[in-house]
Amino acid sequence: MLWKLQKASDKVRLFLQNKPFSTAWLQFQFQRHFHMERKNSSKVQGLYDFCKKTFTPSGTPPPSSQAVRDLCSLLVGPADVGLEEQSSDDDRGLGFSGLYGLNRVARWAQPITYLDIYECDSFTMCIFCFPTSAVIPLHDHPGMTVFSKVLYGSMHVKAYDWVEPARFQETKGPGYRPVRLAKLATDKILTPQYGTSILYPKSGGNMHCFTAVTPCAVLDILTPPYNEDAGRKCTYYVDYPFSTFSAVNGADNEKEEYAWLSEIDTPDDLHMRPGVYAGPAIQV
């Protein structure tokens, strides 16, 4: 066997020595190989490759506007990450208005499935799969940039940014947490046709709440990821209408743009279960 391998390698060496390769020919072969590899690569691999070369553990420098546009152009669908679109038959007749007729326990009792695609010090790639009416309550992403893409279904997103300079109000008395003024950034229903939404550390709706209008799935890319040691701890909030802790002055439409947010403990009744990512494997 060894002598056969040696003979074959000798033939290859002689062929290479006698073949008049030009620089242009070698460049053509390299580009051909590169494009074939790229064609055979999965879309989720393309996302990983882009994130790996773009993001840093510290989040500095922040993603450039060009990097943001490039990432948003790397669109994926359910099949690209091993998902099948779920039917909306299980909405139990609630509809969008019905979601808000449920009490908080009933809404949060619906389990949400978390699929971990990849995580490192620089970024997290994950998917949240929601049944109808399931909610991830209002929470923040301190010091982070987050890219979100609805893969299927429809989801209501309500998001706020802090008003600067910070404005606080005391509430009921000792033992109660103060509230802080925030401005509404987003209040809409997202579908796959919407594209990729982006929130930044101080703009774009860094504190947001997800409510599933129909069965839906959301791909999230967080950079840098949550890290309590680095000060990136997830905090949950409850929002109150502006008039709750303010004298009602000014136009009604202006008041609707603001709300008072108060920190709450991590909800005990937020049901989230791990799932198994079934999409293409990522080559690290």
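Count residues from 1 along the sequence. Since we're looking at a predicted model, the values are computed, not measured.
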(message) Grouping I, L, V, M, F, W and Y whenever their side-chain heavy atoms are under 4.5 Å apart, do L219 and V150 come out in a common cluster?
(response) no
(message) Between W162 and Y237 (judged by ring centroids, cut-off 6.0 Å), do the two rings come close enough to count as a pair?
(response) yes
(request) Can you sort out the partners of F128 under ring pair (Phe, Tyr, Trp, His ring centres under 6.0 Å), two or more places apart, ordered by chain and number? (result) Y114
(request) Begin with the C-alpha distance, continue with both residues' side-chain angles, and end with the deciding distance and a verdict on side-chain contact (heavy atoms from CB on, under 4.5 Å) for M125 and L47. (result) CA-CA 9 Å; M125 295 174 60; L47 277 176; 3.9 Å; yes
(message) Using side-chain contact (heavy atoms from CB on, under 4.5 Å), reason through V213 and F130 one step at a time and then give a plain yes or no.
(response) CA-CA 9 Å; V213 180; F130 295 73; over 6 Å; no
(message) Same cluster or not: I221 versus V68, using hydrophobic residues (I, L, V, M, F, W, Y) connected whenever any side-chain heavy atoms lie under 4.5 Å apart?
(response) yes
(message) Tell me if a side-chain donor or acceptor on D239 pairs with a main-chain N or O of L261 at a distance below 3.5 Å.
(response) no
(message) Please find the pair of heavy atoms, one from P274 and one from T113, that lie closest to each other, and give the distance.
(response) C-CG2, 4.3 Å
(message) If we check side-chain contact (heavy atoms from CB on, under 4.5 Å) with Y160, which of these qualifies: E257, M207, H208?
(response) M207
(request) Check whether more than 12 heavy atoms from other residues, nucleotides or ligands sit under 6.0 Å from atom CG of D116, and answer yes or no. (result) yes
(message) Minimum heavy-atom separation for T223 and S122, please, with both atom names.
(response) OG1-O, 2.9 Å
(request) Applying salt bridge (charged side-chain N to carboxylate O under 4.0 Å, His left out), run through E170 and R180 and close with a yes or a no. (result) CA-CA 9 Å; E170 294 299 325; R180 181 176 175 180; over 6 Å; no
(message) Ignoring hydrogens, what is the shortest heavy-atom contact between L270 and I136? Give both atom names and the distance.
(response) CD1-CA, 4.5 Å
(message) If the condition is ring pair (Phe, Tyr, Trp, His ring centres under 6.0 Å), which residues does Y226 pass it with, not counting sequence neighbours?
(response) H141
(request) Looking only at non-hydrogen atoms, find the nearest pair between T124 and P225 and report the distance. (result) OG1-CB, 3.1 Å
(request) Any chance you could measure S154, atom OG, to Q193, atom CD, to the nearest 0.5 Å? (result) 10.0 Å
(request) Indicate, with yes or no, if L74 and L83 share a hydrophobic cluster defined by side-chain heavy-atom contacts under 4.5 Å among Ile, Leu, Val, Met, Phe, Trp and Tyr. (result) yes
(message) Any salt bridge linking K233 with E263? Criterion: basic side-chain nitrogen under 4.0 Å from a carboxylate oxygen.
(response) no
(request) Carefully, step by step, assess V81 and L151 under the rule side-chain contact (heavy atoms from CB on, under 4.5 Å). (result) CA-CA 9 Å; V81 289; L151 299 175; 3.8 Å; yes
(request) Please determine if D140 and R232 form a salt bridge, counting it only when a charged side-chain N lies under 4.0 Å from a carboxylate O. (result) no
(message) Please report the interatomic distance CG(L222) to CG(N227), rounded to the nearest 0.5 Å.
(response) 12.5 Å
(request) Can you see which heavy atom on Y152 is nearest to which on E84, and at what distance? (result) CE2-O, 3.9 Å
(message) If only side-chain N and O atoms count, and only distance matters, is there a donor-acceptor pair under 3.5 Å linking S262 with R177?
(response) no
(request) Please confirm whether the backbone N or O of P241 pairs with a side-chain atom of T244, one donor and one acceptor, at under 3.5 Å? (result) yes
(message) Surrounding CD of E228 (heavy atoms of other residues, nucleotides or ligands, distance under 6.0 Å), is the total greater than 12?
(response) no
(request) Measure the acute angle between the ring planes of F242 and Y258, then classify it against the limits of 30° and 60° as parallel, tilted or perpendicular. (result) tilted
(message) How long is the straight-line distance from CE of M272 back to CD1 of I112, given to the nearest 0.5 Å?
(response) 4.5 Å
(message) Taking the basic N atoms (NZ, or NE/NH1/NH2) and the acidic carboxylate oxygens, is any pair closer than 4.0 Å for D220 and K149?
(response) no
(message) Aromatic contact between Y118 and F123, with the criterion being ring centroids under 6.0 Å apart: yes or no?
(response) yes
(message) If hydrophobic clusters are built by linking Ile, Leu, Val, Met, Phe, Trp and Tyr wherever their side-chain heavy atoms come under 4.5 Å apart, do W260 and Y236 end up in the same one?
(response) yes
(request) Please round to the nearest 0.5 Å and tell me the distance separating atom OG1 of T196 and atom CZ of R69. (result) 14.0 Å
(message) Applying a strict under-4.5 Å side-chain criterion to I, L, V, M, F, W and Y, I'd like to know whether V76 and V44 cluster together.
(response) yes
(request) Rounded to the nearest 0.5 Å, what's the gap from CD1 on I189 to SG on C216? Could you check? (result) 11.0 Å
(message) Can you give me the closest heavy-atom contact between G204 and A185, atom names plus distance?
(response) C-CB, 4.2 Å
(message) Can you tell me if Q66 has over 12 outside heavy atoms packed within less than 6.0 Å of its CD?
(response) yes
(request) Mind checking the CG-CD1 spacing from D49 to I282? Nearest 0.5 Å is all I need. (result) 8.5 Å
